[in-house]
Amino acid sequence: MSFPLLTATAALPAVGAIATAAVPAAQRVAAKWLALLVSLATLVLAAIVLVRFDPGGDRYQLTESHAWIKDFGVRYELGVDGIGLALVALTALLIPFVILAGWHDADPQETGSSRWRPTQGFFALILAVEAMVIISFEATDVFLFYIFFEAMLIPMYFLIGGFGDRAHEHGDGAAATQRSYAAVKFLLYNLVGGLIMLAAVIGLYVVAGNFSLQEIVQARANGSLHMATSTERWLFLGFFFAFAVKAPLWPLHTWLPNAMGEATAPVAVLITAVVDKVGTFAMLRFCLQLFPEASKWATPVILVLALISIIYGALLAVGQRDIKRLVAYASISHFGFIILGIFAMTSQGQSGATLYMVNHGISTAALMLVAGFLISRRGSRLIADYGGVQKVAPVLAGTFLIGGLATLSLPGLAPFVSEFLVLVGAFERYPAVGIVATFGIVLAALYTLVLYQRTMTGPVKAEVAEMPDLRVRELLVVAPLIALLIFLGVYPKPVTDIVNPAVQQTMSDVHKTDPKPEVEAAK
């Protein structure tokens with residue numbers, strides 16, 4: 001038997017989480033280094049998966065399949081296509097930066113809290129989330145995917161509610177109440193979505209007789225499995241609802257600004273750059289492949305919801321006074337672009353959507369982590385409490401600007417390529433949708449540049465006059481992310497080469513081809 005590389009990639013952070021949690025209470029620094037080393041080792045395994053993957057080979061590679069619950073047809077099945085592989089690599093890449101950025105977030109002496117905070121638990125929970133997210137991207141058994149899709153809510157709940165942002169805490173208990181509210185809201189929204197999906201998963205088993213994604217798709221392709229139109233649509237809605245909550249798609253988005261606002265900056269990155277990607281990924285892997293006709297039936301409504309997310313999220317970002325909530329609403333707008341690309345049903349749109357997932361993860365991580373460093377220095381999330389930062393901390397201001405420019409998809413930075421592909425894909429099939437979505441770019445420029453202008457330029461406020469610039473550890477977090485944004489902005493081919501074959505196969509599953517140009521090239 002060949003080495004189970006996919007299992008190892010998910011199991012290593014899971015074992016690391018247990019080991020980190022077991023480190024003696026007095027050895028907080030050792031727990032941090034252990035978590036960091038485990039995350040780096042996971043990144044190495046993900047790199048090996050990347051090297052061994054053949055974009056021109058089988059759709060699902062490095063597959064593993066073992067009997068698990070035989071009576072119910074549940075198997076432990078793993079496999080990665082280009083889309084799943086890109087997101088596994090993104091997750092493994094971001095976690096070391098999340099750990100480094102949150103190096104002191106659970107230390108009593110750094111937060112000013114008199115209550116002992118379990119540093120070991122904080123980093124163990126981050127590794128646990130990594131393990132569950134990675135196996136979600138690898139699972140090709142629907143029931144196996146569902147288990148980890150729901151299980152990742154537990155560590156995230158504790159990261160939001162138990163290790164929330166204390167930069168704005170004043171000892172009156174209000175901040176703790178807000179954190180608890182945000183954590184419970186996050187959990188309830190996602191649990192409701194998960195319960196509805198569970199009903200759909202059971203319904204799928206009744207219809208198909210097993211949970212294997214590959215077997216069900218193959219059976220539908222060769223005609224041996226037939227679903228009544230109404231059955232397929234109800235099952236699709238059950239899956240899509242859960243994924244739309246996780247994504248998050250308007251109007252199921254309201255938990256995200258609360259969760260990101262109350263979480264520490266590294267945990268906020270974990271939410272929007274890693275965990276939320278499971279929702280949009282699952283739309284491509286499960287909704288389109290399992291329910292192709294229902295996906296096409298629901299497309300007009302989903303495109304309208306995606307457009308509302310794009311414009312609504314951007315408009316609310318313009319009016320925010322809180323830095324972290326601004327980034328949260330900007331992310332809602334960006335997820336609207338991703339979902340628009342998925343359901344445009346064109347190869348450019350779906351390639352752009354997958355590339356957008358990767359690029360959004362990197363750009364949001366860069367912006368939010370620098371924002372976290374800024375907030376930790378001033379002790380406030382309010383935009384009005386800043387001014388003139390670029391004069392006292394030019395490196396911090398410069399990295400903040402690059403992260404912001406990536407968020408507005410400036411040409412030359414990675415998100416531009418993906419947003420351009422999404423819009424091209426939308427214009428090809430739905431020109432009116434593409435035109436409306438383009439206004440999201442204008443609004444993104446507005447909220448990003450206004451944020452920079454109000455916080456970094458102008459007279460130096462007295463409260464920021466002594467603000468230190470980025471330290472070495474913080475530069476180690478930000479510099480690689482900035483470098484990646486520039487590299488993928490200039491040369492996205494390494495990602496598109498991996499993603500495009502999987503996108504073509506997904507297009508084939510839904511029996512869609514790209515529209516032919518209305519005006520043929522002159523001969």
Side-chain angles (χ1 to χ4, degrees), residues 244 247-254 256-257 260 272 276 279-280 283 298-323 325-346 348-357 359-361 363-364 367 383 401-454 485 489 515 518:
L249 178 67
W250 184 93
L252 305 172
H253 67 285
T254 59
L256 183 65
M260 288 185 65
T272 191
D276 287 355
T280 47
M283 292 178 189
T299 288
V301 174
I302 294 172
L303 291 179
V304 170
L305 295 178
L307 283 179
I308 295 174
S309 288
I310 291 169
I311 304 302
Y312 173 86
L315 283 173
L316 264 65
V318 171
Q320 287 303 305
R321 297 181 298 171
D322 182 310
I323 297 173
R325 290 178 69 90
L326 185 152
V327 178
Y329 280 109
S331 290
I332 291 170
S333 182
H334 296 151
F335 275 104
F337 276 108
I338 294 171
I339 295 170
L340 172 63
I342 292 171
F343 285 91
M345 299 294 183
T346 59
Q348 293 94 336
Q350 292 187 358
S351 293
T354 306
L355 189 59
Y356 211 134
M357 291 186 227
N359 293 337
H360 172 264
S363 62
T364 299
L367 180 61
I383 296 171
L401 177 61
I402 295 174
L405 294 176
T407 298
L408 64 81
S409 299
L410 184 77
L413 297 175
F416 169 76
V417 181
S418 43
E419 197 163 281
F420 178 77
L421 285 172
V422 166
L423 290 173
V424 168
F427 272 112
E428 281 194 335
R429 202 177 294 279
Y430 306 100
V433 171
I435 291 170
V436 175
T438 304
F439 284 101
I441 301 175
V442 179
L443 293 172
L446 180 60
Y447 63 68
T448 300
L449 296 177
V450 168
L451 172 64
Y452 184 84
Q453 182 265 331
R454 291 179 178 175
L485 288 173
E518 294 184 5

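Every value quoted in this text rests on a predicted model; they were computed, and no experiment measured them. Start at 1 with the first residue, then count along the sequence.
- For the atom pair OG1 of T354 and CG of N359, the computed distance is 11.0 Å after rounding to the nearest 0.5 Å.
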Would you tabulate the side-chain donor-acceptor contacts of residues 435-454 under 3.5 Å, counting partners in other chains and residues two or more places apart, or write 'none'?
unit_1: T438; atom_1: OG1; unit_2: G434; atom_2: O; d: 2.7
unit_1: T448; atom_1: OG1; unit_2: A444; atom_2: O; d: 2.9
unit_1: Y452; atom_1: OH; unit_2: Q390; atom_2: OE1; d: 2.8

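- Atom CG of L303 is separated from atom OH of Y430 by 5.5 Å, given to the nearest 0.5 angstrom.
- The shortest heavy-atom contact between H253 and P248 is CA-CB, 3.7 Å.
- Nearest heavy-atom pair across D276 and L256 is OD2-CD1, 3.6 Å.
- In this structure, CG on L367 lies 10.5 Å from CG on L401, to the nearest 0.5 angstrom.
- Between the side chain of R429 and the backbone N or O of M345 there is at least one donor-acceptor pair closer than 3.5 Å.
- For S363 against A406, the heavy-atom pair with the smallest separation is CB-CB, 3.8 Å.
- Residue E419 holds its CD atom at 12.0 Å from CG of L413, rounded to the nearest 0.5 Å.
- Taken from CG in L326 to CZ in R321, the straight-line distance is 12.5 Å, to the nearest 0.5 Å.
- Classification of the F337-Y356 ring pair by plane angle, with boundaries at 30° and 60°, yields parallel.
- Atom CD1 of I302 is separated from atom CG of L249 by 8.0 Å, given to the nearest 0.5 angstrom.
- For the pair S309 (side chain) and W250 (backbone), a donor-acceptor distance under 3.5 Å is present.
- Annotation for A247 and M283: closest pair CB-CE, 4.2 Å, computed over non-hydrogen atoms.
- At a threshold of 4.5 Å between non-hydrogen side-chain atoms, the residues H360 and T272 count as touching.
- Remark: the backbone N or O of V424 is not paired with any side-chain donor or acceptor of E428 at under 3.5 angstrom.
- Looking only at side-chain heavy atoms (C-beta outward), I332 and P257 come within less than 4.5 Å of each other.
- Across Y329 and L316, no two heavy atoms sit closer than the pair CE2-CD2, 3.3 Å.
- No donor-acceptor distance shorter than 3.5 angstrom exists from the side chain of T364 to the backbone of G361, with no hydrogens or angles considered.
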Inset, instruction - Let me see the working for I338 and V422 under side-chain contact (heavy atoms from CB on, under 4.5 Å), right down to the final yes or no. - result: CA-CA 7 Å; I338 294 171; V422 166; over 6 Å; no

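- Side-chain atoms of S418 come within 3.5 Å of backbone atoms of P415 as a donor-acceptor pair (strictly under, hydrogens ignored).
- Pairs of residues two or more places apart, or lying in two chains, never qualify as salt bridge (Lys or Arg N to Asp or Glu O under 4.0 Å) while including a residue from residues 332-345.
- In terms of heavy-atom proximity, A330 sits nearest to A317 at N-CB, 4.0 Å.
- For Y312, the OH atom is densely surrounded, since the number of other residues' heavy atoms within 6.0 Å is greater than 12.
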